[in-house]
Visitor: 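Below you will find the structure I want to go over with you.
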Amino acid sequence: MTAKGFSISELNPPQREAVEYGPGPLLVLAGAGSGKTRVITYRIAHLISHHNLAPAAIIAVTFTNKAAGEMRDRIKQILGNVIAKQIWIGTFHALCLRILKKEIPYEFTIYDEEESKRLLKECQRELNIDEKQLKVVQLGYRIEGSKHELIGPDEYEKTAVDFTSRQVAKVYHLYQKKLVRNKAYDFGDLIMSTVRLFQEQPELHKKYRDQFKYVLVDEYQDINHCQYFWIRQLAGEQGNLTVVGDDDQSIYQFRGADLRNILEFERDYPKAKVIKLEQNYRSTQNILAAAGAVVGNNSGRKAKTLWTENETGLPLQYFRGETEAEEAAFVVREILQDVYDKNIRRLTDCVILYRTNAQSRPFEDALRRERIPYRIVGGMKFYDRMEIKDILAYLKVIMNPADELSLDRIVNTPPRGIGAGTISKVRKIASEQGSTMLEAMAGMAQDGQGLTDRARQAVTAFSNLMQGLKSRVSQTDLARYLATVITETGYLAMWQKAPHDEGASRLENLNELIKAADEFSRTGDNTLGGFLEQIALVSSWDEADSKDNDQVTLMTFHSAKGLEFPLVFMVGMEEGLFPHSNALQDEHGLAEERRLCYVGITRARERLILTGTATRSSFGNRIYNSESRFLHEIPGRLFMGQIPLCHQTAQQTADARGLWRGKQYQVSADTLSNEHNEHFSEDVCPDLDDELGLVVGQRVSHAKYGSGTIVGKQGVGEDLKLEVAFTRHGRKQMLARFAALQPTSGKSRAKGV
DNA sequence: TCTTGCCTCGTTTTT
DNA sequence: CGAGGCAAGA
Ligand SMILES: Nc1ncnc2c1ncn2[C@@H]1O[C@H](COP(=O)(O)OP(=O)(O)OP(=O)(O)O)[C@@H](O)[C@H]1O
């Protein structure tokens, strides 16, 4: 049975049941690689081709813009472009923005993280709150978190009892006020404001609820309360809502994701049908066994089975280098072997996954040395560069003169004689007459109100410049307009005058921006507003999209969600790094790290290699890390090569500590029986690297500070320095030989948790 | 008003 | 180690 290029035989029976299931709530709960995304995609196609549903009556939410693009492409293949492009597919943010742009009658700006932080700082200063006492990151974290919970400043204030919360409440109020005045939305606002819009304008709510006959959500385990609420608004309580997800893959709780949304779906939607998918099509048996073993250490999971018809496959490998350079060299060697010696893979088949963006460096160096092309997803984004943000700030002000934050950024960039004194005069006058700063400047240029001649001249020039630029928006094509802005503002000249090496690279980036504008206008939209919106929403993923080239990919575990690669390297498998020390304070943190590990492992199709280092430089000095506990949670029999210490026999341990350390230690998978593991794991491990059992993650008690958890470790022997997070007294650094820390019961690395 | 140099602090993870 | 913030001098 075929329907326009889509064959039902590409689905197994439960997948097919989910695709063909009728109206009403549907939950597809399934493990990694079981075809959840495929189900969503085909269900959309099926609804259109078999139920004659209008494409615009379907809204599908994905986790990244890239995932949205892929889903749309697949549907394009099945049903053609005309239909595919009418479907509403996108991230929460993109879809909400689309609604807001349509319903809000004025131009507004979207603030990215950096801009929100700057605005917060401004609020903090105005309120005379000590920036040391309450850090901007903390502030941002709390306010952003509140938005995830759909808590506005008023509600927040009501629950704010302690001193800090009351401070936060004050900032939250002012921050929102400034956002409104600047006609700006931050990321969280995009969704929360859409929810509010629907609440305040029932007829609007009805319009969208009626338009979308079917609502589908991918990665449902990672949505927060606000997103949950919006989906409920769209779908209604009995609605045609399809959600798919895997509770073991929830890795965004730091961003407000709430597992209860998926765990309690059946309670929220009592008529819900639940379909489980149990066959994994992605990975070998060895890889699945490893993934299952790791995540099995978490409690409170929904019961799930996952099996595969795929072959046993290669054993896993583990390598521990002495330094990052050694680790990276090993990884590159393995890539070279598979790709060039054995010719069994292409570079695009290989991915290097790490916990933090900062870890990419040594791998980049090693890859460059061997002239292997690579791409990095995440980290510093192109649009985060200073020169790009400066020009974007000009563009934002041109589109939305109320955006004072952006104005602040560029009013004196390049330096044009408008300093802090002048700016505060302008601001004062603007607020007195209730106008924008730009309008106030135009007035002051005329009558000079309290400005020195020099300042007045500068203000006049700037005011004229901005008016001139504004009047020419949309007269030429976008790329040419950008070039005009860059030149006429003096920005180009500023970098041309700069020292050659720095200036050249800035100018090159500006050229890239012009190119991006050109490409954007080719997609059919030639508006400046459209261009800015698109940039506001691009994630790290969308930039790196030069998939046609054959190159190795580097990214964080988080960015890898939903993807698959034949050969996966999980690097930096060390306590303190993965699991990350900041996540070790409570069980939830550790459980989420473990899920992240599960996500990482299950990205692999054929071959999985785990690596780590014994020492690593951090903040300029070297630290000593022990092996990640996750390594020890994988059964030893699955490994080949160097074996994680806890899985080694006494002889192997001795070898690994001496001569063999850092070299690849060849042991075939079957020389290591399970017996060995079980027998030795308990007594070999504890005395290896952990003086007195003081390991990261260990709970300890201290005579003065009471109980806490070891979160960091530096040096050895006499110099062993520990960082301990105390329950009552915060973080402290101390020398182990003086601290007299007593390990208390609770978790210890060797036994797992 | 602008530039320089010193100091502090920090690294999870992202739409 | 490196980025960003801040204070002092030009
Ligand atoms: N019925 C099937 N027959 C063959 N291959 C399938 C089938 N269903 C899915 N696959 C393949 O299995 C792999 C995983 O599919 P998909 O990405 O949809 O899974 P997923 O459950 O969304 O994974 P994850 O939870 O890791 O995001 C893909 O390569 C897909 O093409």
Side-chain angles (χ1 to χ4, degrees), chain A residues 61-68 90-97 110-114 116-118 121 125 131-132 135-138 140-141 144 147-148 185-192 219 222-224 226-227 250-257 353-361 377-381 384 386 411-423 452 454-455 458 494 535-542 555-561 572 576-585 589-590 592-593 595-597 599-600 616-623 711-712 723 731:
Chain A
V61 190
T62 60
F63 206 71
T64 61
N65 294 304
K66 178 167 180 286
T91 60
F92 280 100
H93 299 269
L95 294 167
C96 286
L97 176 62
I110 299 160
Y111 283 166
D112 64 18
E113 202 177 312
E114 192 221 302
S116 315
K117 294 266 152 68
R118 269 175 43 222
K121 201 173 238 174
R125 290 204 178 135
E131 283 168 61
K132 292 227 173 65
K135 298 206 186 76
V136 184
V137 258
Q138 283 301 315
Y141 183 75
E144 194 191 318
K147 290 184 180 179
H148 294 149
Y185 289 74
D186 68 13
F187 272 127
D189 282 338
L190 289 178
I191 302 166
M192 186 157 154
E219 310 277 12
D222 266 329
I223 71 170
N224 60 41
C226 181
Q227 294 166 332
S250 170
I251 54 176
Y252 280 95
Q253 284 176 37
F254 71 92
R255 209 170 78 185
L353 301 179
Y354 36 77
R355 177 66 234 270
T356 68
N357 285 306
Q359 285 168 258
S360 68
R361 240 330 136 62
V377 176
M380 177 76 157
K381 287 190 270 175
D384 285 343
M386 188 223 316
V411 68
N412 205 30
T413 313
R416 50 169 69 91
I418 304 179
T422 313
I423 292 173
T452 62
R454 264 169 70 109
M494 176 173 95
I535 291 175
L537 293 181
V538 290
S539 61
S540 41
W541 249 117
D542 315 298
M555 65 184 144
T556 61
F557 291 112
H558 283 90
S559 302
K561 176 157 145 166
L577 196 57
F578 193 36
H580 198 278
S581 50
N582 291 356
L584 287 176
Q585 259 113 314
L590 178 61
E592 179 145 322
E593 294 289 296
R595 287 192 295 268
L596 194 55
C597 186
V599 168
R616 166 178 301 276
S617 78
S618 145
F619 299 122
N621 41 34
R622 293 207 81 73
I623 56 164
V711 296
E723 185 177 358
R731 287 191 174 206

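So you know, we letter chains A, B, ... as the sequences are listed, proteins then strands, and number each from 1. We use all heavy atoms of the structure for the numbers below, so side chains are in, but hydrogens, waters and symmetry mates are not.
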Visitor: Rounding to a whole Å, what distance do you find between A/M555:CE and B/dT14:P?
Guide: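 After rounding, the gap between these two atoms is 11 Å.
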
Visitor: Please report, rounded to the nearest Å, how far the C1' atom of B/dT15 is from the CD1 atom of A/I191.
Guide: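 It works out to 7 Å between those atoms.
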
Visitor: N/O contacts under 3.5 Å, protein versus nucleotides 10-13 of chain B?
Guide:
unit_1: B/dG10; atom_1: OP1; unit_2: A/K135; atom_2: NZ; d: 3.4
unit_1: B/dT11; atom_1: O3'; unit_2: A/N582; atom_2: ND2; d: 3.4
unit_1: B/dT12; atom_1: OP1; unit_2: A/N582; atom_2: ND2; d: 3.2
unit_1: B/dT12; atom_1: OP2; unit_2: A/N582; atom_2: ND2; d: 2.3
unit_1: B/dT12; atom_1: O2; unit_2: A/R355; atom_2: NH1; d: 2.4
unit_1: B/dT12; atom_1: O2; unit_2: A/R355; atom_2: NH2; d: 2.2
unit_1: B/dT13; atom_1: OP1; unit_2: A/N357; atom_2: N; d: 2.7
unit_1: B/dT13; atom_1: O4'; unit_2: A/R355; atom_2: NH2; d: 3.4
unit_1: B/dT13; atom_1: O2; unit_2: A/R355; atom_2: NH2; d: 2.6
unit_1: B/dT13; atom_1: O2; unit_2: A/H558; atom_2: NE2; d: 3.4

Visitor: Can you sort out the partners of A/Y111 under side-chain hydrogen bond (donor to acceptor under 3.5 Å, both in side chains), two or more places apart, ordered by chain and number?
Guide: A/N182, A/D403

Visitor: Can you list the residues that meet the side chain to side chain contact (heavy atoms under 4.5 Å, CB included) rule with A/E113, with sequence neighbours excluded?
Guide: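 So A/E113 forms a side chain to side chain contact (heavy atoms under 4.5 Å, CB included) with A/K117.
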
Visitor: Roughly, in whole Å, what's the span from CG in A/D189 to C1' in B/dT15?
Guide: 13 Å

Visitor: With sequence neighbours excluded, what pairs up with A/T356 under the side-chain hydrogen bond (donor to acceptor under 3.5 Å, both in side chains) test?
Guide: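 For A/T356 the side-chain hydrogen bond (donor to acceptor under 3.5 Å, both in side chains) partners, ignoring immediate neighbours, are A/Q359.
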
Visitor: At under 4.0 Å between heavy atoms, what does A/A420 touch on the DNA or RNA strands: base, sugar-phosphate, or nothing?
Guide: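 If one applies the 4.0 Å heavy-atom cut-off, A/A420 turns out to touch the sugar-phosphate alone, with no base involved.
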
Visitor: Roughly, in whole Å, what's the span from CD1 in A/I423 to C1' in B/dT1?
Guide: 11 Å

Visitor: Test of understanding: with side chain to side chain contact (heavy atoms under 4.5 Å, CB included), list the residues that count as partners of A/R118, not counting sequence neighbours.
Guide: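 Applying side chain to side chain contact (heavy atoms under 4.5 Å, CB included) to A/R118 gives A/E114, A/E115, A/L405, A/R409.
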
Visitor: Is there a side-chain contact between A/R595 and A/Q253, using heavy atoms and a 4.5 Å cut-off?
Guide: yes

Visitor: Could you tell me how far apart A/L353 (CG) and B/dT14 (P) are, to the nearest whole angstrom?
Guide: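 Result: 12 Å.
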
Visitor: Detail all sub-3.5 Å separations between protein N/O atoms and N/O atoms belonging to nucleotides 2-8 of chain B.
Guide:
unit_1: B/dC2; atom_1: OP1; unit_2: A/G417; atom_2: N; d: 3.1
unit_1: B/dC2; atom_1: OP2; unit_2: A/N412; atom_2: ND2; d: 2.7

Visitor: A/T91: which residues meet the side chain to side chain contact (heavy atoms under 4.5 Å, CB included) condition with it, sequence neighbours left out?
Guide: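 Here the qualifying residues are A/T62, A/N65, A/H93, A/A94.
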
Visitor: In whole angstrom, give the distance that lies between atom CD of A/E114 and atom P of B/dT14.
Guide: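 Going from A/E114 (CD) to B/dT14 (P), I get 17 Å.
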
Visitor: What verdict does the side-chain contact (heavy atoms from CB on, under 4.5 Å) test give for A/R355 and A/L596, after you've listed the backbone C-alpha separation in whole Å, the side-chain angles of each residue and the deciding distance to 0.1 Å?
Guide: CA-CA 9 Å; A/R355 177 66 234 270; A/L596 194 55; 3.5 Å; yes

Visitor: Once you round it to whole Å, what is the distance between C1' of B/dT14 and NE2 of A/H93?
Guide: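 Distance check: A/H93 NE2 to B/dT14 C1' gives 9 Å.
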
Visitor: Residues two or more places apart in sequence or in another chain: which of them pass side-chain hydrogen bond (donor to acceptor under 3.5 Å, both in side chains) with A/N224?
Guide: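 Listed in chain order: nothing, the list is empty.
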
Visitor: Using a cut-off of under 3.5 Å, enumerate the N/O to N/O pairs linking the protein to nucleotides 4-7 of chain C.
Guide:
unit_1: C/dC6; atom_1: OP1; unit_2: A/R125; atom_2: NH2; d: 3.3

Visitor: Classify the nucleic acid contact of A/T452 as base, sugar-phosphate or nothing, counting any heavy atom under 4.0 Å across all strands shown.
Guide: nothing

Visitor: Using the test side-chain hydrogen bond (donor to acceptor under 3.5 Å, both in side chains), find all partners of A/E144 that sit at least two apart in sequence or belong to another chain.
Guide: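 For A/E144 there are no side-chain hydrogen bond (donor to acceptor under 3.5 Å, both in side chains) partners, ignoring immediate neighbours.
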
Visitor: Rounded off to whole Å, could you give me the NZ-to-C1' distance for the A/K561 and B/dT15 pair?
Guide: 11 Å

Visitor: Could you tell me which residues satisfy side chain to side chain contact (heavy atoms under 4.5 Å, CB included) with A/P415, sequence neighbours excluded, listed by chain and number?
Guide: A/M494

Visitor: Among residues at least two apart in sequence or on other chains, which ones pass ring pair (Phe, Tyr, Trp, His ring centres under 6.0 Å) with A/F557?
Guide: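 Testing A/F557 for ring pair (Phe, Tyr, Trp, His ring centres under 6.0 Å), a comparison that skips the adjacent residues, returns A/F578.
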
Visitor: On DNA chain B, check which nucleotide each of A/G421 and A/R255 is closest to and give me the residue with the more 5' one.
Guide: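 Its nearest nucleotide lies further toward 5', so the answer is A/G421.
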
